[in-house]
Amino acid sequence: MLPLPAPFRGWAVVVPAALLTGCSAGSGAERARPPAEFPTASAVPSGSPTTAGPALSSSPRNPWGSFSGVDVVSDDLNVPWGLAFLPDGTALVSERESGRVLALRPGKQPERIARLPVDALGEGGLLGIAVAPSYARDRFVYAYYTGDHDNRIVRLRAGAEPAVLVDGIAKNSFHNGGRIAFGPDGMLYAGTGDAGDRTRAQDRASLNGKILRMRPDGSVPPDNPFPGSLVWSLGHRNVQGLAWDAQGRLYATEFGQDRFDEVNLIRKGGNYGWPEVEGVGGQRRYVDPVLTWQPAEASPSGATFAGGDLFVATLRGERLWQVRLGTGGDSPSARSLLAGKYGRLRHVATGPDGALWLLTSNRDGRGHPRQRDDEVLRIPVP
């Protein structure tokens, strides 16, 4: 292992070597030689808005901005899943199958700073990653991963073993959820899946099929809706996208079964209906989505806000959706970007530079890998 720059010194020994037995090494190896300048790909194509859910308008109220191009930040990665940024702009990327956390910096090759003992069967493995708002002071990084017996959320710090904050989130070869992110309130949020047992989504005693909210130490905030419980909202099938708008409202993306994928505006204590409802149910006891797609157009994973719009990375749909949610009674509108150009897209995040950063997921067993997959892409926002 090469010496790491100052922000990462000590990170290479996060997990004792004995815990790494059985982890796959991954084929996107860390390389010692720095790359050339980021190559620039062709311009981003823009698609037509599609009627995909409740009151989805086919013509936006304002002209859409045009994107100038795509930079390849890094390539030859092993199923990248999560993305977060350190205060100095360094990107941290989690690899699902290998269990590695990689540091990406301009002009440098990926550097492994941690590795977790993952069970990468099916959709499991090292999933979401988040950087504490207090990182400059405490150097805490958070991860959600699938282990031998469950899904769990851990806190990492240089020179220390991972501290388990939440465990007992049921695992399966599918529907593990996995996205984690800090909200504007300083709390850590986690999207979980039903892990193949749909009854868990309506069971408040279960951590599955939920959005969880916790303090940075994993404890229950006193203002959570259900006393003593991490559950913030329930009735979810598989949440893999969490994003806050400029007003501090939380939106989540959710995989449907066969009919509708969803974007939901998350309310404290809200019940989003799964498995009783998929898409719009029109029942007062359940919260309806603000937007739906057919799964072939979406299978939505990561999400972020940039320039006032919501961007959603999709897997089966192989595109990036730009969503204008509508204000003052306007209907939501959307347009398709990058359709089919880079394959499956697992996550999109807004970097400290204001650009969109994307992770492809063509080596996840369901895609068609291309030369140099998987990639981290960067798109300037107009």
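Note that these values count all heavy atoms, side chains included, but never hydrogens, waters or copies made by symmetry.
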Discussion item. Can you confirm whether the side chains of R316 and Q294 place a donor and an acceptor under 3.5 Å from each other?
Written reply: no

Discussion item. Quick check for you: to the nearest 0.5 Å, what is the distance between L92 atom CG and E111 atom CD?
Written reply: 11.5 Å

Worksheet, complete the sentence: The side-chain contact (heavy atoms from CB on, under 4.5 Å) partners of P225 (sequence neighbours excluded) come to W232, K268

Worksheet entry | Backbone N/O of L315 and side chain of S299: donor-acceptor pair under 3.5 Å | no

Discussion item. Within a 6.0 Å radius of atom CZ on R267, are there more than 12 heavy atoms belonging to other residues, nucleotides or ligands?
Written reply: no

Discussion item. Restricting to non-hydrogen atoms, name the atom on L242 and the atom on G191 that form the minimum distance, rounded to 0.1 Å.
Written reply: CD1-N, 4.0 Å

Item to complete: Please step through side-chain contact (heavy atoms from CB on, under 4.5 Å) for the pair L310 and W321, ending with a clear verdict.
Response: CA-CA 8 Å; L310 177 68; W321 281 106; over 6 Å; no

Worksheet item: Charged N to carboxylate O under 4.0 angstrom, R215 versus D217?
Response: no

Worksheet item: Under 6.0 Å from the six-membered ring centre of W274 and within 45° of its axis: does the NZ or CZ of R237 meet both?
Response: yes

Discussion item. Test of understanding: clusters of I, L, V, M, F, W, Y form through side-chain heavy atoms closer than 4.5 Å, transitively. Do F182 and L212 belong to the same one?
Written reply: yes

Worksheet item: Sub-3.5 Å donor-acceptor pair from the side chain of E95 to the main-chain atoms of P80, do we have one?
Response: no

Discussion item. As a quick check of understanding, evaluate salt bridge (Lys or Arg N to Asp or Glu O under 4.0 Å) for E278 and R259, giving each step before the final call.
Written reply: CA-CA 7 Å; E278 181 183 353; R259 301 174 61 215; 5.2 Å; no

Worksheet item: Should E297 and R319 count as an ion pair when the cut-off is N to O under 4.0 Å?
Response: no

Worksheet item: For the residue pair Y272 and H236, does the interplanar ring angle fall in the parallel (under 30°), tilted (30 to 60°) or perpendicular (over 60°) class?
Response: parallel

Worksheet item: Is it true that I153 and V220 fall in one hydrophobic cluster, defined by side-chain heavy atoms closer than 4.5 Å?
Response: yes

Worksheet item: Can a cation-pi geometry be assigned to R179 and Y144, taking NZ or CZ under 6.0 Å from the six-membered ring centre and within 45° of the ring axis?
Response: no

Worksheet item: Does any pair with a residue in residues 343-361 pass salt bridge (charged side-chain N to carboxylate O under 4.0 Å, His left out), and if so which ones, sequence neighbours excluded?
Response: R344-D364, R346-D364, D353-R378

Discussion item. Please confirm whether the ring centroid of Y145 lies under 6.0 Å from the ring centroid of W81.
Written reply: no

Return a table of donor-acceptor pairs under 3.5 angstrom between the side chains of residues 120-127 and protein atoms on other chains or two or more places apart.
unit_1	atom_1	unit_2	atom_2	d
E123	OE1	H175	N	2.9
E123	OE2	R366	NH1	3.0
E123	OE2	R366	NH2	3.1

Worksheet item: Got more than 12 heavy atoms from elsewhere within 6.0 Å of CD, Q371?
Response: no

Worksheet entry | Sole residue of Y142, W244, Y251 in ring-ring contact (aromatic ring centres under 6.0 Å, His included) with Y189 | W244

Discussion item. Quick check against the 3.5 Å criterion: does N176 have a side-chain atom that pairs as donor or acceptor with the backbone of G178?
Written reply: no

Practice prompt. Without swapping roles, check the side chain of E375 against the backbone of D75 for a donor-acceptor pair under 3.5 Å.
Written response: no

Discussion item. Quick check for you: to the nearest 0.5 Å, what is the distance between S74 atom OG and L102 atom CG?
Written reply: 7.5 Å

Worksheet item: Taking it one step at a time, do R335 and Q322 satisfy side chain to side chain donor-acceptor pair (under 3.5 Å)?
Response: CA-CA 5 Å; R335 71 165 171 172; Q322 182 180 7; 2.7 Å; yes

Worksheet item: With distance as the sole test, does T253 use its side chain to make a donor-acceptor pair with the main-chain N or O of S301 at under 3.5 Å?
Response: yes

Discussion item. If we ignore hydrogens and angles and just use 3.5 Å, is the side chain of D150 paired with the main-chain N or O of A170 as donor and acceptor?
Written reply: no

Worksheet item: Hey, does the side chain of R139 reach the backbone of A136 with a donor-acceptor pair shorter than 3.5 angstrom?
Response: yes

Worksheet item: Out of curiosity, D309 CG to T304 OG1, how far, rounded to the nearest 0.5 Å?
Response: 11.5 Å

Response to the item:
Closest heavy-atom pair, L320 versus A313, reported as atoms and distance to 0.1 Å, is CD1-N, 4.0 Å

Worksheet entry | Residues D119, K171; criterion salt bridge (Lys or Arg N to Asp or Glu O under 4.0 Å); working and verdict | CA-CA 10 Å; D119 176 3; K171 71 171 208 174; 2.4 Å; yes

Item to complete: State the OG1-CZ distance between T146 and R96, to the nearest 0.5 angstrom.
Response: 8.5 Å

Item to complete: Apply side chain to side chain donor-acceptor pair (under 3.5 Å) to the pair N208 and T192, showing each step before the final yes or no.
Response: CA-CA 5 Å; N208 289 82; T192 71; 5.2 Å; no

Practice prompt. Walk me through it: do L234 and I211 pass the test side-chain contact (heavy atoms from CB on, under 4.5 Å)?
Written response: CA-CA 7 Å; L234 66 154; I211 293 176; over 6 Å; no

Practice prompt. Starting at CZ of R204, measure out to OG of S229 and round the result to the nearest 0.5 Å.
Written response: 7.5 Å

Discussion item. Give me the atom names and distance for the closest heavy-atom approach of A181 to A130.
Written reply: CA-CB, 4.3 Å

Discussion item. Assigning hydrophobic clusters by single linkage (Ile, Leu, Val, Met, Phe, Trp, Tyr; side-chain heavy-atom cutoff under 4.5 Å), is L345 placed with V381?
Written reply: yes

Worksheet item: So, D88 and R105, do they make that salt bridge, N to O below 4.0 Å?
Response: no

Worksheet entry | Full working for side chain to side chain donor-acceptor pair (under 3.5 Å) between D288 and Q283 | CA-CA 8 Å; D288 282 337; Q283 302 181 37; over 6 Å; no

Practice prompt. Tell me, with the steps shown, if V287 and N271 meet side-chain contact (heavy atoms from CB on, under 4.5 Å).
Written response: CA-CA 6 Å; V287 183; N271 188 330; 5.8 Å; no

Response to the item:
For A143 and L156 the tightest heavy-atom approach is CB-CD1, 4.5 Å

Worksheet item: Does the pair L377 and D71 meet the rule for a side-chain contact (heavy atoms from CB on, under 4.5 Å), with working shown?
Response: CA-CA 6 Å; L377 308 172; D71 296 331; over 6 Å; no

Worksheet entry | Ion pair check, K210 and D203, cut-off under 4.0 Å | no

Fill in: ILVMFWY network linking V239 to M187, side-chain heavy atoms under 4.5 angstrom
yes

Worksheet item: Is it true that the side chains of D374 and T360 contain a donor and an acceptor less than 3.5 Å apart?
Response: yes

Worksheet item: Charged N to carboxylate O under 4.0 angstrom, R200 versus D194?
Response: no

Fill in: Gap separating the CG atom of L250 from the CZ atom of R213, nearest 0.5 angstrom
10.5 Å

